[in-house]
Amino acid sequence: MFKSVLVANRGEIACRVFRTARRMGVRTIAVYSEADAKALHVREADDAVLIGPAPARESYLDGAKVLAAAKATGAEAIHPGYGFLSENADFAEAVMAAGLVWIGPPPAAIRAMGLKDAAKSLMIAAGVPVTPGYLGEDQSLERLQTEADAIGYPVLIKAVAGGGGKGMKKVERAEDFAAGLAGAQREGQASFGDPRVLIEKYITRPRHIEVQVFGDSHGSVVHLYERDCSLQRRHQKVIEEAPAPGMDAAARKAITDAAVRAALAVNYEGAGTIEFIADASDGLKADRIWFMEMNTRLQVEHPVTEAVTGVDLVEWQFRVAAGQPMPLKQDEIELNGWAMEARLYAEDPANGFLPSIGRLEHFVMPERARVDTGVQRGGEVSQFYDPMIAKLIVHRDTREAAAEALADACAEVEVWPVRTNAGFLVRCLEHPRFVEGDVDTGFIGAEEASLAAAEPSAKTRAAAVATVGLRADEAQRDAAASPWTDGLFAFRMNGASTTPVVLYRDGERLQAEMSGVYREGAPRHSAFDVHLDGEAFQAIGIPAYVFIDGEQVSGADTGDSRVVVFEEGDAFEFSTRLRGAAGGGASDGALRAPMPGKIVATPARPGDTVTKGQPVVVLEAMKMEHALVAPFDGVVGEISVAVGDQVAADAVLAVVTAG
């Protein structure tokens, strides 16, 4: 076994690999960009090397810099994590040529499965069923349009070198094909340096099911059962589970046998995932599951497989890379219980799921779940990298218990001022369709109106009012240590002992009253009655917490005119004064950049008549494209940017005038 490993990645995956390496007594080495100088993965490593500026292409994607860091630190092996260089066959060869251990599959296997069209052809030859579609070399618009018309709409356009939903566009109608193709080609070129695409028939009720496979250098390949990754938004996985709900013995045998055949066809070694698409219109059937692609690396969702099999997949990677046989044979790998994983993203579901960046001033993760993260309180969510900040994983005996436990874990998340999708995850996990196992890749899109945003409960609004009262009381007591001020919040001579409190949330005025009362077990200055919307609430405050009717409510101390209260994973912000709409937009017609980024398209032109929701400018940030759309029907009056421009957050990109 090698004695040291460099992880050519960042964030939670680097921390995850380090955890296993430490347990095995292997020295850990991190690489980092200038943006990650204070990142958690840097602090957790035994050694760390700066390899370049923030942009990934100048740091994490620069294989020569990574190899130089390995040489400088005496690393014996390189683990690529996932993403970045993990599926780069040229980099794998360079690592091996430098005399280092490559903790990944053979370069030939990476190449064989790296291009979706070639991989599908290879799978057909190996007897693995594939989705109907077009894999040809002719990439002209005319030929691709003709093939799509013949397949029948809807179709999926997919970048041949794609992954993670990038370079993938669903097209519903023939007249939308050209625009969808242009978007897929643009993303394919930007993300993978390859604009070529393939076309597949879009399955109307698709389930995304994948099989974890593992091979060693001794000719053995095994599977570690399946995962269901059907809960997706914009082709990005949100919640994964193992095993797949509704999977019977016949369907499981069909899909796992096909996965093993696929891995054997490329002489696979190490951890890999064979992804399938299943037609769930009539349940999971053995003959309605088709090969989609292979990911020749460890997957983000690997912890659910670890939970149900009891296997440390990173340890297996180490051992196989060191030339050892796999620790278990196929008949020794058992499937136990149910595991679920939720991806906690730095994004705002109430604002179109736009990514959120900034400092994590308040950061609390659940205690009764496995938390894989690369950040902590005081850290930064950067504009330069993926917005996923943590994975929450639970393992229980049954699916029902796992879903309930994961919902509870997501509800305990407290993050501020960076916004997260924790509340959205709670609503997904508690939705009756999900609880019943009635899932497909269209679930979130169909239910998004009820999942994306929530309103604060009366208890939460009362907690915000009570927090304002506590601040006022503390300020009054701090003003002077006097018998005329101490503990007299809401005191009135010859009048009702009530104080009006006015708060605002999203422009809505919240009127309440507070009265100071004495309650047994609480100092006078920390006990109040809150009168709000015709209801009365008993409030008790202690440092950092407020109790409403005896139930603890958590909040973030903003230290200004704002009050933040957490409820079921959501963070609700209230202000003591009315604020303008953040980021401009619908009221004045100005389209502002929600974050720093690069302009990649301007679908509209000055003078164009546009309808509400029509894209005007497309911004690329945090590895995704974000369309800024017309806030109302009108005319494009000005576009102040061009393709290729780098823009700052809140910059005005275009203006739409009512017309």
Side-chain angles (χ1 to χ4, degrees), residues 1-56 58-86 88 91-92 94-95 98-104 270-271 297-300 302-303 306 312-319 321-322 359-360 363 365 370-382 384-386 388-391:
M1 178 62 64
F2 41 84
K3 299 299 183 183
S4 59
V5 60
L6 181 148
V7 177
N9 216 298
R10 63 179 300 279
E12 61 91 10
I13 180 55
C15 294
R16 163 69 189 92
V17 176
F18 292 161
R19 187 165 63 243
T20 292
R22 283 193 300 270
R23 181 174 58 79
M24 297 179 68
V26 176
R27 182 169 67 95
T28 58
I29 303 161
V31 291
Y32 65 95
S33 71
E34 292 172 354
D36 279 340
K38 297 181 180 179
L40 184 61
H41 80 277
V42 176
R43 294 197 299 275
E44 288 201 349
D46 295 318
D47 293 297
V49 180
L50 173 65
I51 57 171
E58 301 176 47
S59 51
Y60 295 107
L61 283 169
D62 192 325
K65 290 181 178 178
V66 172
L67 285 172
K71 181 178 180 181
T73 56
E76 297 179 30
I78 289 183
H79 191 300
Y82 36 71
F84 291 137
L85 297 171
S86 62
N88 186 316
F91 177 68
V95 170
L100 304 176
V101 176
W102 166 248
I103 305 178
R297 53 175 165 80
L298 198 64
Q299 290 277 90
V300 176
H302 76 273
E306 293 183 323
D312 183 331
L313 292 175
V314 175
E315 178 182 343
W316 276 34
Q317 285 187 298
F318 281 16
R319 296 195 181 283
R359 181 179 171 85
L360 297 163
F363 188 75
M365 292 290 105
R370 170 177 166 178
V371 179
D372 284 10
T373 184
V375 296
Q376 60 184 5
R377 183 174 180 177
E380 294 276 345
V381 176
S382 166
F384 297 103
Y385 311 118
D386 188 275
M388 189 180 74
I389 58 177
K391 302 182 305 192

With sequence neighbours excluded, residues passing side chain to side chain contact (heavy atoms under 4.5 Å, CB included) with Ala54: Ala35, Phe384, Tyr385
Test salt bridge (charged side-chain N to carboxylate O under 4.0 Å, His left out) applied to Glu58 - qualifying residues, sequence neighbours left out: none
Side-chain touch Leu67/Leu100, heavy atoms, less than 4.5 angstrom: yes
By side chain to side chain donor-acceptor pair (under 3.5 Å) - contacts of Arg19 (at least two apart): Asp372
Partners meeting side chain to side chain donor-acceptor pair (under 3.5 Å) with His302 (sequence neighbours left out): Arg16
Residues forming a side chain to side chain contact (heavy atoms under 4.5 Å, CB included) with Asn88, sequence neighbours excluded: Leu85, Asp90, Phe91
Ring pair (Phe, Tyr, Trp, His ring centres under 6.0 Å) partners of residues 1-25, not counting sequence neighbours, each pair once: Phe2-Phe318
Chi angles and distances behind the side-chain contact (heavy atoms from CB on, under 4.5 Å) call for Val31, Leu50: CA-CA 6 Å; Val31 291; Leu50 173 65; over 6 Å; no
Residue pairs fulfilling side chain to side chain donor-acceptor pair (under 3.5 Å) with at least one residue in residues 67-79, sequence neighbours excluded: His79-Gln317
Those residues that, when tested against Thr28, pass side chain to side chain donor-acceptor pair (under 3.5 Å) (two or more places apart): Asp46
Ala390: side chain to side chain contact (heavy atoms under 4.5 Å, CB included) partners, not counting sequence neighbours: Leu344, Met365, Val371, Thr373
Partner set under side chain to side chain donor-acceptor pair (under 3.5 Å) for Glu44, not counting sequence neighbours: none
Residue pairs fulfilling side chain to side chain donor-acceptor pair (under 3.5 Å) with at least one residue in residues 60-70, sequence neighbours excluded: Asp36-Tyr60
Counterpart residues, side chain to side chain contact (heavy atoms under 4.5 Å, CB included), relative to Ala48 (two or more places apart): Ala30, Tyr32, Val42
Heavy-atom side-chain contact between Arg23 and Asp312 under 4.5 Å: yes
